[in-house]
Structure formats: structure tokens, C-alpha cells
Amino acid sequence: LRVRIGEIYEKKRDYDKAVAFYLSASKERKEAVEPRLKVAHVYEVQEKPLDAAANYKTAALMNPEYPEIWLLAARSYAGAGYWREAADLYHKEVEERPAVLSSFLEFAEFMLKINAPQEVPKIFLKFKSNYEEDPRVLTRLAQAYMAMKEYENARTAASTAMARDPSLAEPYRILAICSEQQGVYSTAKEFYEKYLSRYPQASDASSIRLKLSKPPFSQ
């Protein structure tokens with residue numbers, strides 16, 4: 001009942017009273033996750049990501065098996081700029097539910113964003129059997145290897161991703177960069193062109209077209 005009253009106040013945007021009722025419900029039933037999630041959501045609406053993160057983490061510790069609970073906490077810590085805490089919780093989410101591809105993809109994207117690509121192959125190898133060589137996962141893996149300048153590993157992962165789903169654009173860009181690094185410009189040009197044909201509105205499309213119009217690509 002207290003949760004429902006809190007929801008009424010939340011709809012009225014009386015957030016202080018909403019939080020008060022949610023917290024009251026949480027004290028009444030300390031094992032209940034829902035009130036803490038409600039509190040966290042209110043803080044999200046108020047653009048208070050650190051407060052939201054603290055409540056999501058509390059809820060996660062209460063019930064670690066609650067769907068995507070570590071993911072919610074990770075997102076809030078990321079929103080607050082607490083990269084290490086977010087990374088730890090993304091890792092926890094993948095460990096709790098390794099078969100959920102979307103969690104791995106989000107984890108990998110975050111690690112690339114904070115310049116920690118070395119963590120992506122580690123978690124991939126640990127739970128490789130869960131991903132069944134999904135092309136989206138392999139593309140993230142290839143991005144991580146490329147960020148680490150491990151071009152042969154990047155090429156292998158991107159090639160497999162391309163073979164499994166030729167419609168994906170990113171593997172072609174990765175293969176183009178790998179070929180360019182090795183000085184095989186004709187092959188690099190071919191991959192760049194395939195990348196642009198699949199993703200003509202890419203943010204780097206103009207710079208790539210300009211590059212291809214000049215030596216050594218134009219020769």
C-alpha cells in the first residue's frame with residue numbers, strides 16, 4: 001500500500017513524498033526489492049544518478065538474481081561519472097547472466113568508451129560458450145583488439161563476424177583499418193567501400209571518402 005501511495009505522489013511529481021513512502025515500505029519489508037527500485041527511479045527522474053546508483057546497488061545486494069539489477073546500477077554509476085564502479089557492476093551483470101548477449105554488448109561498449117579494451121577479450125574468453133560466435137559479440141571483440149593494436153586478432157574476429165552477418169557495417173571498417181595498417185591499400189579500399197555502402201551516413205563517411213580519393217588509395 002505504501003508503494004502504491006508513493007506511486008501516486010510520483011505521478012504528481014511530489015518526489016519527496018514519493019521517496020518517503022517508498023523508503024517507509026522498504027523499512028517495513030526489508031527483503032523487498034521493489035521499494036528500492038522505485039526510489040532509484042525517482043532519483044533518475046530527478047537526474048540524480050549517484051543517488052539512483054546507491055539504491056540500485058542496495059537492491060542488487062538484497063536480491064542479486066533480480067533481472068538486470070546490476071546493469072541498472074552500472075548505468076547509474078556511469079551516468080554519475082563513476083567509471084570504476086560502473087565497470088565492476090557491468091562485469092558483475094555479465095557474470096550473473098553470461099548468456100544475455102545484450103549485457104555483454106553493453107559491457108563491451110562501455111569498456112571501449114573508458115579506454116579499457118583489454119577487459120573485453122577477458123570476459124569473452126571466460127564465457128565464450130554462451131555467445132555461440134554471435135556476429136555482434138565478435139564485432140565488439142574485434143573493436144577491442146583493434147583498440148589494443150592487436151590487428152591479427154581483430155582481423156580474425158571481424159572476418160568471422162562478417163561471414164556470419166554480411167549486412168553488418170563495422171566488421172568491414174575494422175578489416176579496412178587492419179589492411180591499411182599492413183600497407184595493403186587495395187584491399188583496404190575495397191573494405192572501406194563495402195563499409196560505406198552499408199553505412200553511408202556514418203560519422204566518419206566524409207573523412208573516409210576523402211582518404212580514398214588520395215594516394216595511396218587512388219593509385
Side-chain angles (χ1 to χ4, degrees), residues 71 74-75 78 81 83-84 86-95 97-219:
L71 197 61
R75 289 170 181 167
W83 308 127
R84 178 170 294 182
D88 289 344
L89 294 175
Y90 271 123
H91 196 284
K92 181 70 174 176
E93 177 68 28
V94 175
E95 285 190 323
R97 281 169 282 278
V100 181
L101 296 182
S102 59
S103 296
F104 175 85
L105 294 173
E106 188 171 335
F107 160 82
E109 186 174 355
F110 179 74
M111 291 300 164
L112 291 169
K113 178 181 177 181
I114 65 171
N115 197 30
Q118 70 279 0
E119 297 302 319
V120 178
K122 290 179 184 177
I123 199 77
F124 173 82
L125 293 173
K126 187 174 182 180
F127 299 111
K128 182 178 179 181
S129 61
N130 291 278
Y131 304 129
E132 298 179 353
E133 296 192 342
D134 182 276
R136 296 164 299 169
V137 172
L138 289 168
T139 298
R140 286 285 183 267
L141 181 63
Q143 289 174 325
Y145 280 130
M146 190 170 67
M148 297 162 64
K149 301 187 186 309
E150 295 184 14
Y151 295 113
E152 282 305 314
N153 286 332
R155 182 192 296 277
T156 299
S159 295
T160 307
M162 180 188 68
R164 291 185 175 275
D165 188 353
S167 68
L168 290 176
E170 181 63 9
Y172 293 97
R173 188 184 74 88
I174 294 169
L175 289 169
I177 293 173
C178 291
S179 297
E180 184 178 357
Q181 288 294 324
Q182 293 180 325
V184 187
Y185 298 108
S186 59
T187 302
K189 182 178 181 179
E190 181 182 346
F191 282 128
Y192 274 130
E193 288 173 343
K194 289 181 178 179
Y195 167 68
L196 293 173
S197 69
R198 287 161 176 78
Y199 193 13
Q201 73 277 22
S203 60
D204 57 355
S206 296
S207 61
I208 290 175
R209 291 190 183 98
L210 181 61
K211 177 193 289 189
L212 297 182
S213 68
K214 298 178 180 180
F217 294 98
S218 63
Q219 294 175 344

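Quick caveat, the model's predicted, so the values are computed rather than measured. All values below were derived from every heavy atom in this structure, side-chain atoms included, with hydrogens, water molecules and symmetry-related copies excluded.
Thr160 OG1 to Arg164 CZ: the interatomic distance, rounded to the nearest 0.5 Å, is 7.0 Å.
With Tyr172 as the aromatic partner, Arg198 meets the cation-pi criteria of under 6.0 angstrom to the ring centre and within 45 degrees of the ring axis.
Of the possible donor and acceptor atoms, one in the side chain of Ser213 sits under 3.5 Å from a partner among the backbone N and O of Leu210.
Side chains of Gln182 and Glu152: a donor-acceptor N/O pair is present below 3.5 angstrom, by distance only.
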Would you sort out whether Lys113 and Glu109 count as a salt bridge (Lys or Arg N to Asp or Glu O under 4.0 Å), showing the intermediate values? CA-CA 6 Å; Lys113 178 181 177 181; Glu109 186 174 355; over 6 Å; no
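Annotation: side chain of Tyr195 is in contact with side chain of Asp204 (closest heavy-atom distance under 4.5 Å). Using a 4.5 Å heavy-atom cutoff, the side chains of Tyr192 and Lys211 are in contact. Side-chain contact between Glu106 and Tyr90 is present, with at least one heavy-atom pair separated by less than 4.5 Å. Here the side chains of Arg140 and Met111 are not in contact, with every heavy-atom distance at 4.5 Å or above. Between Lys189 and Ser179 the shortest side-chain heavy-atom distance does not fall below 4.5 Å. Side-chain contact check for Glu180 versus Tyr185: some heavy-atom pair is nearer than 4.5 Å. In this structure the side chain of Pro121 reaches within 4.5 angstrom of the side chain of Met148, judged on heavy atoms.
Note on ring orientation: taking the six-membered ring where Trp is involved, the planes of Trp83 and Phe110 are tilted (angle from 30° to 60°).
A salt bridge is absent between Lys92 and Glu95: the closest approach of a Lys/Arg side-chain nitrogen to an acidic carboxylate oxygen does not fall below 4.0 angstrom.
Listed here is the closest heavy atom pair of Ala78 and Ala86: N-CB, 3.6 Å.
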